[in-house]
Engineer: 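Structure below; questions to follow.
Both ligands and their constituent atoms are indexed starting at 1 by order of listing.
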Amino acid sequence: MKLLSGTGNLELSKKIAQNLKLKLVNSNIKRFADGEIYVEINENIRGNSIFVIQSISTPANDNLMELLICIDALRRSSAKNITAVIPYFGYARQDRKVVPRTAISAKLVSNLITNAGAHRIVTVDLHAGQIQGFFDIPVDNLFSTPIFSKHIKKYISNKNIICVAPDVGGVERARALGQKLNVGLAIVDKRRPAPGKSQVMNIIGNVKGKNCLLVDDIIDSGGTIVNAAKALKEKGAKDVYVYVTHGVLSGNAVEQINNSKIKKLILTDTIDNSNKIKKSSKIVVLSISNLMAEAIKRISNSTSVSDLFK
Ligand code: R5P
C-alpha cells in the first residue's frame, strides 16, 4: 500500500500518512505557465495498491483535474489498484435536475473519476448517499458522527440537548447523531427562494431552553446555519452549537459566523481552512485523519469498514 497526495489538502494527507506510518509517494505536481497541470511519480509503484488523496475543494476545478491526472499517471505507472480518497467530494450538491435543462454534475464527476482509472472511492459524509450509485465501483462513505459524538460528550456537559437538522435533506444525518447521543430531534423548515439564499419558515419540535446541536454536511456561505441559529434562539433555545463536516466557508462566511448567534462551530479538516479560521474564536477543527487512516488500513486488509460506525 502506498499513499499519494494531491495538493488540495496536503496537511490532512500528511496526518493520514503519519497515522499509517507511511511516507507519501515522492511526486512532482506543478502547473505550467498556462495553468495546465503536470504530475510525475518519482518512484516505482508497479504492482502497488495506491490510495490517492485529494479533496475537490476550492479551487474545485483545479483540484478535480489534478485528481484525474494523478489517477491517470498512476494507471500508466502500472499501479495494481487505485483508490481515490476524496475527503470532500465537491459537485455533490448537483445530484439531480432541480430545474429543467441543467446538468447532473455529480454524475459527470463520478464518470470522470471512474474513467480516469479509479477502482474504488473513499469519501466522507457524501451530500446524498445515493451518489454512491453514480459509480459502478465500490464507494466507502465514511461518517464524522463518531468524532462529533465524542466531542459533544466531552465538551457539552449539559444533558438538556437536542439535535437539529437545518433542512429536510439533513434529517437522516441529524437523527444519526441524535441516536448516538440518545437525544431528540428538531427540524428547520428551510426554503431556498434563490440559489445561495436561504430562508427559515418554521421550526418543527420544541427547542425552548435546550442546547441545540445543528448538524450539517456542508457550510458554504453560512446562510443556512446562521439563519437556523437565529431562528432557534428566537424560539427560546439556550446555546446553539454547530457540527459540520465540510467547511467550504466561501465569501464572508467566517465573518457571518463571528457575528451570529452560534456559540461554537465545529468542523473537520476534510477541507484545509487553517488560514480562514485564524479570524474566528468560534470555529474549532477536529481532524478526520485517524478515521480515514483506519478506513484505509481496513480496505487494504480487506476487513470491515462499516464496523467503524457501529
Ligand atoms: C444543503 O443541502 C447542504 O446540506 C448545506 O446545508 C448547504 O450547502 C449550506 O450552504 P450555505 O452555507 O451556503 O447556506
Side-chain angles (χ1 to χ4, degrees), residues 55-58 60 86-99 102 104-107 109 123-132 134 141-145 148 163-178 185-204 212-233 240-262 264-268 270-271 273 276-277 279-280 282-285 288:
S55 270
I56 307 176
S57 52
T58 313
I86 309 171
Y88 171 62
F89 194 99
Y91 279 101
R93 284 174 287 178
Q94 298 185 54
D95 59 351
R96 65 197 188 283
K97 287 172 77 167
V98 180
V99 291
T102 52
I104 302 181
S105 310
K107 172 61 180 156
V109 168
T123 188
V124 183
D125 281 324
L126 261 181
H127 177 62
Q130 307 88 287
I131 294 171
Q132 291 169 86
F134 290 0
N141 183 25
L142 312 179
F143 304 101
S144 50
T145 331
F148 287 162
C163 278
V164 185
D167 50 34
V168 173
V171 170
E172 205 184 320
R173 199 171 290 117
R175 192 190 292 128
L177 185 63
L185 176 73
I187 301 165
V188 178
D189 177 14
K190 175 186 98 174
R191 306 279 158 89
R192 277 214 187 271
K197 298 244 172 308
S198 75
Q199 201 180 346
V200 174
M201 308 303 288
N202 205 356
I203 308 274
I204 304 163
C212 294
L213 311 179
L214 265 167
V215 189
D216 211 349
D217 59 332
I218 298 169
I219 181 162
D220 188 342
S221 67
T224 299
I225 287 300
V226 167
N227 291 343
K230 185 165 170 264
L232 290 168
K233 286 296 266 187
V240 179
Y241 297 86
V242 181
Y243 285 83
V244 178
T245 310
H246 310 294
V248 174
L249 298 177
S250 60
N252 67 345
V254 173
E255 203 183 320
Q256 274 211 72
I257 291 153
N258 287 344
N259 300 329
S260 73
K261 304 279 180 199
I262 296 165
K264 284 276 176 222
L265 163 64
I266 294 91
L267 299 172
T268 77
T270 57
I271 298 174
N273 281 308
K276 287 184 192 168
I277 61 159
K279 296 179 207 142
S280 179
K282 287 194 180 184
I283 304 179
V284 174
V285 176
I288 196 99

Engineer: Could you list which atoms of ligand 1 come closer than 4.0 Å to a heavy atom of D217?
Structural biologist: 3 (C), 4 (O)

Engineer: More than 12 non-hydrogen atoms from neighbouring residues, nucleotides or ligands closer than 6.0 Å to NZ on K282, yes or no?
Structural biologist: yes

Engineer: If I compare all heavy atoms of F134 with all of K107, which pair ends up nearest, and what's the gap?
Structural biologist: O-NZ, 3.1 Å

Engineer: Give a yes or no on whether the backbone of L126 and the side-chain of N141 come within a donor-acceptor separation of less than 3.5 Å.
Structural biologist: yes

Engineer: Taking only heavy atoms of G222 into account, list the atoms of ligand 1 that are under 4.0 Å away from them.
Structural biologist: 11 (P), 12 (O), 13 (O)

Engineer: Looking only at side-chain N and O atoms, does N258 offer a donor or acceptor that is under 3.5 Å from a partner on S280?
Structural biologist: yes

Engineer: Specify the protein heavy atom at minimum distance from atom 13 (O) of ligand 1: its residue, its atom name, and the distance to 0.1 Å.
Structural biologist: S221 OG, 2.6 Å

Engineer: At a non-hydrogen distance cut-off of under 4.0 Å, which region of I225 contacts ligand 1 (side chain, backbone, both, or neither)?
Structural biologist: neither

Engineer: Report the nearest protein non-hydrogen atom to atom 9 (C) of ligand 1: residue, atom name, distance rounded to 0.1 Å.
Structural biologist: I218 O, 3.5 Å

Engineer: Where's the contact between R192 and ligand 1, heavy-atom distance under 4.0 Å: side chain, backbone, both or neither?
Structural biologist: side chain

Engineer: Please test S144 against D125 for side-chain hydrogen bond (donor to acceptor under 3.5 Å, both in side chains), starting from the C-alpha separation and ending with a verdict.
Structural biologist: CA-CA 7 Å; S144 50; D125 281 324; 2.6 Å; yes

Engineer: Judged by non-hydrogen atoms, does H246 sit under 4.0 Å from ligand 1?
Structural biologist: no

Engineer: If you take the nearest heavy atom of each of V248, T224, D216, which one is closest to atom 6 (O) of ligand 1?
Structural biologist: D216

Engineer: Is there a polar contact, in the sense of an N or O pair closer than 3.5 Å, between D220 and ligand 1?
Structural biologist: yes

Engineer: My understanding is that we take every heavy atom of each candidate and find the minimum distance to atom 2 (O) of ligand 1. Doing that for H127, R93, K190, which one comes out nearest?
Structural biologist: H127

Engineer: Can R93 and D95 be counted as an ion pair, charged N to O under 4.0 angstrom?
Structural biologist: no

Engineer: Testing the basics here: between G223 and Q256, what is the closest heavy-atom pair and its distance to 0.1 Å?
Structural biologist: N-NE2, 4.2 Å

